[in-house]
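Only one structure is covered here, and it is reproduced in the block below.
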2 protein chains.
Amino acid sequence: MDTHVTQGQASAATARLVEPPTVLDEGKLCHPAREEIELAAVLHALSDPMRLRIVAGLAVEDKRTCGSFDLPVTKSTCTHHFRVLREAGVIRQRHEGTTRLNSLRREDLDKRFPGLLDSVLTAAEA
Amino acid sequence: MDTHVTQGQASAATARLVEPPTVLDEGKLCHPAREEIELAAVLHALSDPMRLRIVAGLAVEDKRTCGSFDLPVTKSTCTHHFRVLREAGVIRQRHEGTTRLNSLRREDLDKRFPGLLDSVLTAAEA
DNA sequence: AGTGTAGTACGACAACCATCGAACATGTTG
DNA sequence: CAACATGTTCGATGGTTGTCGTACTACACT
């Protein structure tokens, strides 16, 4: 569990305090590389109703903040679920001001496990 | 958790000790009906490497006995995994003499969650 | 009847997991 | 700076899970 994701800061530093974010860091949040995404981990991440809701929500509208889901759990539990999804490689999280922007790793998942995400999303509508 | 599966013994009792098996009971082993199969349960059942191996094995050759997989776990653990798969609706188990025959519930799964099983099976080959 | 084979049932145990609350970090804004 | 908003970290807790071993059931074969 290490490798990659160490670029992006230096080159973006030029236009820093002029622009708001748009490219911001993603630092500290560690995501698995595409080839490192494991099937069992993805299936486990998706096997929780709460997380399934999150993923279904992101499928409808990407780049949503954690709070925008208003799930029936506390903030800390929420953090937990987003981390599970992130570490499994299902979503990507970026810092953006005081919030986190979450997005589905559609392309990575489709390349690695073709058809899986779509079938789960279709199945989740029931 | 109840419903269905209460027939089969009485009517089959007529030709009992004449024939070997071929149609045998399935009694006691409770399987969910197709409409009762839940996505989260299926994903959870598939999120274990050992169970993934079982399912992949059944995809190659159906109707295999529990012992034919020689998994690196004891018999009781084995029983446990097969039960999880059965109760989630992923496999069907039938008594047959001294063994249990396991088969994938392909049709049920395909009808209920189209494409899911196939994408998982494809993904599992890595 | 006796031995063997295939699997289940039950109890135990350690690891994991979803959940919470309280305290903290960080960025935004009055 | 102070107040606020959005999340994270940490410890605790109760429930679930994967694993095992031992004991048990059920069928088959000699």
Side-chain angles (χ1 to χ4, degrees), chain A residues 16-17 19-22 24-31 40-41 43-54 63-88 91-102, chain B residues 1 9 12 16-31 38 40-54 63-88 91-103:
Chain A
R16 213 38 173 316
L17 39 73
E19 295 213 327
T22 317
L24 226 40
D25 59 17
E26 184 179 289
K28 291 175 207 64
L29 290 314
C30 60
H31 302 71
L43 293 175
H44 171 250
L46 295 175
S47 73
D48 181 279
M50 210 66 69
R51 294 195 286 263
L52 221 33
R53 250 167 86 166
I54 296 175
K63 308 211 157 116
R64 296 178 55 179
T65 137
C66 299
S68 74
F69 289 88
D70 79 345
L71 304 164
V73 290
T74 63
K75 285 192 298 176
S76 37
T77 303
C78 210
T79 296
H80 162 70
H81 286 308
F82 278 97
R83 185 178 45 214
V84 171
L85 287 169
R86 188 188 69 235
E87 292 180 346
I91 67 173
R92 177 169 283 123
Q93 289 187 288
R94 301 202 326 270
H95 300 257
E96 169 113 15
T98 128
T99 77
R100 302 282 177 279
L101 280 198
N102 302 281
Chain B
M1 295 77 169
Q9 283 93 319
R16 214 29 173 317
L17 39 71
V18 191
E19 295 215 326
T22 316
V23 193
L24 226 37
D25 58 17
E26 185 179 289
K28 290 175 208 66
L29 288 315
C30 59
H31 301 71
E38 286 197 40
V42 170
L43 293 176
H44 171 252
L46 296 175
S47 73
D48 181 278
M50 210 66 68
R51 293 193 289 262
L52 220 33
R53 250 166 86 165
I54 295 174
K63 307 210 158 113
R64 294 178 56 180
T65 136
C66 298
S68 75
F69 289 88
D70 81 344
L71 303 165
V73 290
T74 62
K75 285 194 298 177
S76 36
T77 303
C78 209
T79 296
H80 163 70
H81 287 308
F82 279 96
R83 183 178 46 213
V84 171
L85 287 170
R86 187 188 72 235
E87 291 181 346
I91 67 173
R92 176 169 285 121
Q93 291 188 287
R94 300 202 329 271
H95 301 254
E96 168 112 16
T98 129
T99 78
R100 302 284 176 281
L101 281 199
N102 301 282
S103 46

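Order of the sequence lines fixes the chain letters, A, B, ..., with proteins taken first and strands second; residue numbering starts at 1 for each chain. Being a predicted model, the structure only gives us computed values, none of them experimental.
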If I take atom [atom1] in residue [X] and atom [atom2] in nucleotide [N], what distance separates them, rounded to the nearest angstrom?
X     : N      : atom1 : atom2 : answer
A/R83 : C/dC16 : CZ    : P     : 14 Å
B/F82 : D/dG18 : CZ    : P     : 14 Å
A/L29 : D/dT9  : CG    : P     : 9 Å
B/L52 : D/dG18 : CG    : P     : 13 Å
B/L43 : C/dC17 : CG    : C1'   : 17 Å

> Relative to B/F69, does B/R64 satisfy both conditions: NZ or CZ under 6.0 angstrom from the six-membered ring centre, and within 45 degrees of the ring's axis?
Replying inline: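 So B/R64 does make the cation-pi contact.
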>> Consider side-chain contact (heavy atoms from CB on, under 4.5 Å). Of B/I91, B/V84, B/L46, B/L71, which one does B/R51 pass it with?
In response: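 That would be B/V84.
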>> Among B/H81, B/R100, B/K75, exactly one meets side-chain contact (heavy atoms from CB on, under 4.5 Å) together with B/C66. Which residue is that?
In response: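 In the set B/H81, B/R100, B/K75, the residue that makes a side-chain contact (heavy atoms from CB on, under 4.5 Å) with B/C66 is B/R100.
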>> Less than 4.0 angstrom between a side-chain N/O of A/T65 and OP1 or OP2 of D/dG7, yes or no?
In response: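 Answer is yes, contact under 4.0 Å.
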> OP1, OP2 of D/dA26 versus side-chain N and O of B/R100: anything below 4.0 Å?
Replying inline: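 False: B/R100 side-chain N/O out of range (4.0 Å or more) of D/dA26 OP1/OP2.
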> Are there more than 12 heavy atoms of other residues, nucleotides or ligands under 6.0 Å from atom CD of B/E38?
Replying inline: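 No, the 6.0 Å shell around CD holds no more than 12 heavy atoms from other groups.
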> With a 4.5 Å heavy-atom cut-off, do B/K63 and B/R94 have their side chains touching?
Replying inline: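 Side chain of B/K63 against side chain of B/R94, heavy atoms only: contact under 4.5 Å found.
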>> How would you summarise protein contacts on nucleotides 18-30 of chain C per nucleotide, using B for base, S for sugar-phosphate only and - for none, with heavy-atom distances below 4.0 Å?
In response: BBBB-----SS--
> Is it the case that B/T65 and B/S68 place a side-chain donor and acceptor less than 3.5 Å from each other?
Replying inline: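 Result is no, nothing qualifies.
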